[in-house]
Amino acid sequence: MRVLVTGGAGYIGSHTLVELLADGHEALVVDNLSNGFQEALNRAKQLSNKHFGFIDCDIRDAVSLGKAFAAFKPDAVLHFAGLKAVGESVEKPLAYYDNNVGGTLSLLRAMDAHGCQRIVFSSSATVYGTPHYLPLDEAHPLEPVNPYGQTKLMVETMLRDWAGDGRKACALRYFNPVGAHESGRMGEDPRGIPNNLMPYVAQVAIGRRDALNVFGNDYDTRDGTGERDYIHITDLAHAHLASLRALDDLADFEALNIGTGAGTTVKELVDAYAQAAGREIKCYYVGPRAGDVASTIACPKQAQAKLDWTARLNIDDASRASWHWQSQNPEGYGE
Ligand code: NAD
Ligand code: UFG
């Protein structure tokens, strides 16, 4: 397939790009580099040893996007581009509605104008809000608790309405993506202080930060720390390939959980990382972070059945891969 990849210079997009090229697809990346890296694209090219196009543009720029569609004539779109920081979305909600909802609207208009009828969208487990039960299945109520989550739900709604008449949309609800490419050449490189656990732990391990603040140790979990379903970035990338393959046989709109079905606590992740790095991870136990829940765990059965996909890697694999990346690239992509 000819696949247009929005946000392909970002963390998940760049890793998926490499797997996409390895699977024999052609790709055009559209990214405004607001949170992505030119160097990630350079490395994707080296690792895949394949050529792909890149257009530095905002998906809300209808003219440039239209030119990209006209020139490349994609069969499908992998749509990663968007803003993703929960706290920032509370401070700047309109920036999130503009980028995530407005950006997707612009993208769907371009797809319609150029007869492109397949899209796989990066949704998030955050659309469920506070869990009523675990594991979270796709029938769980959709009750996002912050503007970021609202934008993901609004895009899913838009895709549901857009799909039909030959148009196919699949929203992948990622749980917690972690890890890095096995080569150690690509990984996650957050700008500023990492919001997420594994990149923070990685920066403690490499000595860029003194210690991890563990947000809460009195939750109703095995050891009192928060529990999440961490999905290895390589498994996540493969879920996108599986979606592209399955899309024509799926319902017009599908929303599928992408997780492992197993939870890991903060303490367990820290232990796994310390083992992988052969270093101690200093921790301070502080109060819970506002808005956090004790546990989120996916029920991935629908994705397994409908995509013929299953997660194969675990938290030890992800910790080793992340450390391989972080230790070889202490300053990330260095941009
Ligand atoms: P990322 O920030 O690393 O990648 C997003 C990419 O999109 C960046 O390269 C950025 O420059 C680009 N971008 C943003 N707005 C754009 C615009 N208007 N036009 C063109 N390019 C634009 O984030 P990521 O972790 O790779 O996440 C990818 C997608 O997955 C996002 O939609 C995110 O909401 C979703 N998601 C991420 C997580 C996670 O924990 N990383 C979890 C669930 C869902
Ligand atoms: N945590 C710490 N210290 C840190 C960072 C995180 O103890 O410095 C803990 C959190 O309290 C939580 C766990 O580590 O228990 C995981 O936290 P993350 O921030 O890595 O992940 P979240 O599950 O909180 O958030 C993720 C995505 C969001 C998404 C949310 C719900 O980052 O985009 O899942 O799906 F909205």
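All values reported here derive from a predicted model rather than from experimental measurement. Atom set for the values below is all heavy atoms of this structure, side chains included, hydrogens, waters and symmetry mates excluded. When a ligand or atom number is given, it counts from 1 through the structure's own listing order.
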K.L.:
My understanding is that we take every heavy atom of each candidate and find the minimum distance to atom 35 (O) of ligand 2. Doing that for Val86, Val204, Thr126, Leu269, which one comes out nearest?
P.N.:
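Going through Val86, Val204, Thr126, Leu269 one by one, Thr126 has the nearest heavy atom to atom 35 (O) of ligand 2.
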
K.L.:
Name the closest protein heavy atom to atom 19 (O) of ligand 2, giving the residue it belongs to and the distance to 0.1 Å.
P.N.:
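Sorting protein heavy atoms by distance from atom 19 (O) of ligand 2 puts Arg289 NH2, 2.8 Å first.
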
K.L.:
Among protein heavy atoms, which lies nearest atom 12 (C) of ligand 2, and at what distance?
P.N.:
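Result for atom 12 (C) of ligand 2: Arg228 NH2, 3.6 Å.
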
K.L.:
Under 4.0 Å between a side-chain nitrogen and a carboxylate oxygen: does that hold for Asp210 and Lys282?
P.N.:
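Counted as a salt bridge, because a side-chain N and a carboxylate O are separated by less than 4.0 Å.
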
K.L.:
Using a 4.0 Å heavy-atom cut-off, which part of Asp292 comes near ligand 2: side chain, backbone, both, or neither?
P.N.:
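Just the side chain.
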
K.L.:
ring-ring contact (aromatic ring centres under 6.0 Å, His included) between Phe52 and His25: does it pass, once the steps are laid out?
P.N.:
CA-CA 10 Å; Phe52 60 86; His25 300 282; over 10 Å; no

K.L.:
Which protein residues come within less than 4.0 angstrom of ligand 1, counting heavy atoms only?
P.N.:
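Within 4.0 Å of ligand 1, the protein residues are Gly7, Ala9, Gly10, Tyr11, Ile12, Asp31, Asn32, Leu33, Ser34, Asn35, Gly36, Cys57, Asp58, Ile59, Arg60, Phe80, Ala81, Gly82, Lys84, Asn99, Ser122, Ser123, Ser124, Tyr148, Lys152, Tyr174, Pro177.
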
K.L.:
Backbone or side chain, does any N or O of Glu227 fall under 3.5 Å from an N or O of ligand 2?
P.N.:
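Among all N and O atoms of Glu227, none is under 3.5 Å from an N or O of ligand 2.
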
K.L.:
Tell me which pairs pass salt bridge (charged side-chain N to carboxylate O under 4.0 Å, His left out) where either residue lies in residues 294-318, with sequence neighbours left out.
P.N.:
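Of all non-adjacent pairs touching residues 294-318, those that pass salt bridge (charged side-chain N to carboxylate O under 4.0 Å, His left out) are Glu254-Lys306, Asp317-Arg320.
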
K.L.:
For ligand 2, which atoms have a heavy atom of Asn195 less than 4.0 angstrom away?
P.N.:
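Counting atoms of ligand 2 from 1, those under 4.0 Å from Asn195 are 5 (C), 19 (O).
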
K.L.:
May I ask you to decide if Asn257's main-chain N or O and Glu138's side chain share a donor-acceptor pair within less than 3.5 Å?
P.N.:
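It does hold such a pair.
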
K.L.:
Under the salt bridge (charged side-chain N to carboxylate O under 4.0 Å, His left out) definition, can you give me all pairs with a residue in residues 39-52, not counting sequence neighbours?
P.N.:
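Sorted result for residues 39-52: Glu39-Arg43.
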
K.L.:
Numbering the atoms of ligand 2 from 1, which are under 4.0 Å from a heavy atom of Tyr230?
P.N.:
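It comes down to these atoms of ligand 2: 13 (C), 16 (C).
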
K.L.:
Report yes or no: does Asn100 contribute a side-chain atom to a donor-acceptor pair with the main-chain N or O of Leu83 at less than 3.5 Å?
P.N.:
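It does hold such a pair.
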
K.L.:
Quick one: look at Asn196 and ligand 2, take heavy-atom pairs under 4.0 Å, and tell me if it's side chain, backbone, both or neither.
P.N.:
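The answer is both, backbone and side chain.
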
K.L.:
What I want to know is whether Val266 and ligand 2 share at least one N or O pair that is separated by under 3.5 angstrom.
P.N.:
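No, since none of the N or O atoms of Val266 sits under 3.5 Å from an N or O of ligand 2.
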
K.L.:
Please check if the side chain of His140 supplies one atom and the backbone of His132 the other of a donor-acceptor pair under 3.5 Å.
P.N.:
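Present.
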
K.L.:
I'd like to know if the side chain of Ser322 reaches the main chain of Ser319, judged simply by a donor and an acceptor atom lying under 3.5 Å from each other, with no hydrogens or angles considered.
P.N.:
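Pair absent, no side-chain N/O of Ser322 close to backbone of Ser319.
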
K.L.:
So, does Tyr284 sit close enough to ligand 2 that a heavy atom of it is under 4.0 Å from the ligand?
P.N.:
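Distance cut 4.0 Å: Tyr284 fails for ligand 2.
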
K.L.:
Would you be so kind as to tabulate the donor-acceptor pairs closer than 3.5 Å made by side chains of residues 66-77, with sequence neighbours excluded?
P.N.:
residue : atom : partner : partner atom : Å
Lys73   : NZ   : Ala70   : O            : 3.1
Asp75   : OD2  : Arg2    : N            : 2.7

K.L.:
Only heavy atoms of Leu212, strictly under 4.0 Å: list the atoms of ligand 2 that pass.
P.N.:
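So the answer, numbered in order with elements, is 3 (N), 4 (C), 8 (O).
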
K.L.:
If Ile, Leu, Val, Met, Phe, Trp and Tyr residues are connected whenever their side-chain heavy atoms lie under 4.5 Å apart, and connections chain through other members, are Met111 and Val3 in the same group?
P.N.:
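No.
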
K.L.:
If only atom types and distance count, is the side chain of Tyr96 paired as donor or acceptor with the main-chain N or O of Val90 below 3.5 Å?
P.N.:
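No.
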
K.L.:
Have a look at ligand 2 and work out which part of Ser124, if any, has a heavy atom under 4.0 Å from it: side chain, backbone, both or neither.
P.N.:
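Just the side chain.
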
K.L.:
Is any side-chain heavy atom of Phe215 less than 4.5 Å from a side-chain heavy atom of Leu197?
P.N.:
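Of all side-chain heavy-atom pairs linking Leu197 with Phe215, none is under 4.5 Å.
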
K.L.:
Supply the atom-to-atom distance Leu33 CG to Phe54 CZ, rounded to the nearest 0.5 angstrom.
P.N.:
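Answer rounded to 0.5 Å: 4.0 Å.
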
K.L.:
Nearest non-hydrogen atom to atom 1 (N) of ligand 2 belongs to which of Tyr174, Tyr128, Tyr200, Phe215?
P.N.:
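The option holding the nearest heavy atom is Phe215.
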
K.L.:
In the structure I gave you, are the side-chain heavy atoms of Asp252 and Asp165 within less than 4.5 Å of one another anywhere?
P.N.:
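No, side chains not in contact.
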
K.L.:
For the pair Arg60 (side chain) and Ser106 (backbone), establish whether a donor and an acceptor sit closer than 3.5 Å, ignoring hydrogens and angles.
P.N.:
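Checking the backbone N and O of Ser106 against the side chain of Arg60, no donor-acceptor pair under 3.5 Å is found.
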
K.L.:
For atom 26 (C) of ligand 2, which protein heavy atom lies nearest, and how many Å away is it?
P.N.:
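Protein heavy atom at minimum distance: Asn176 ND2, 3.6 Å.
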
K.L.:
I need the nearest protein heavy-atom contact for atom 20 (O) of ligand 2: residue, atom name and distance, please.
P.N.:
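Looking only at protein heavy atoms, the one closest to atom 20 (O) of ligand 2 is Leu197 N, 2.8 Å.
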
K.L.:
Between Thr265, Val145, Asn213, which one has a non-hydrogen atom sitting closest to atom 3 (N) of ligand 2?
P.N.:
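Selected option, by shortest heavy-atom distance: Asn213.
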
K.L.:
At a 4.0 Å threshold, what atoms of ligand 2 neighbour a non-hydrogen atom of Val214?
P.N.:
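Those qualifying, in numeric order: 7 (O).
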
K.L.:
Give a yes/no verdict on whether any heavy atom in Tyr148 is under 4.0 Å from an atom of ligand 2.
P.N.:
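Judged by the 4.0 Å heavy-atom criterion, Tyr148 does count as contacting ligand 2.
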
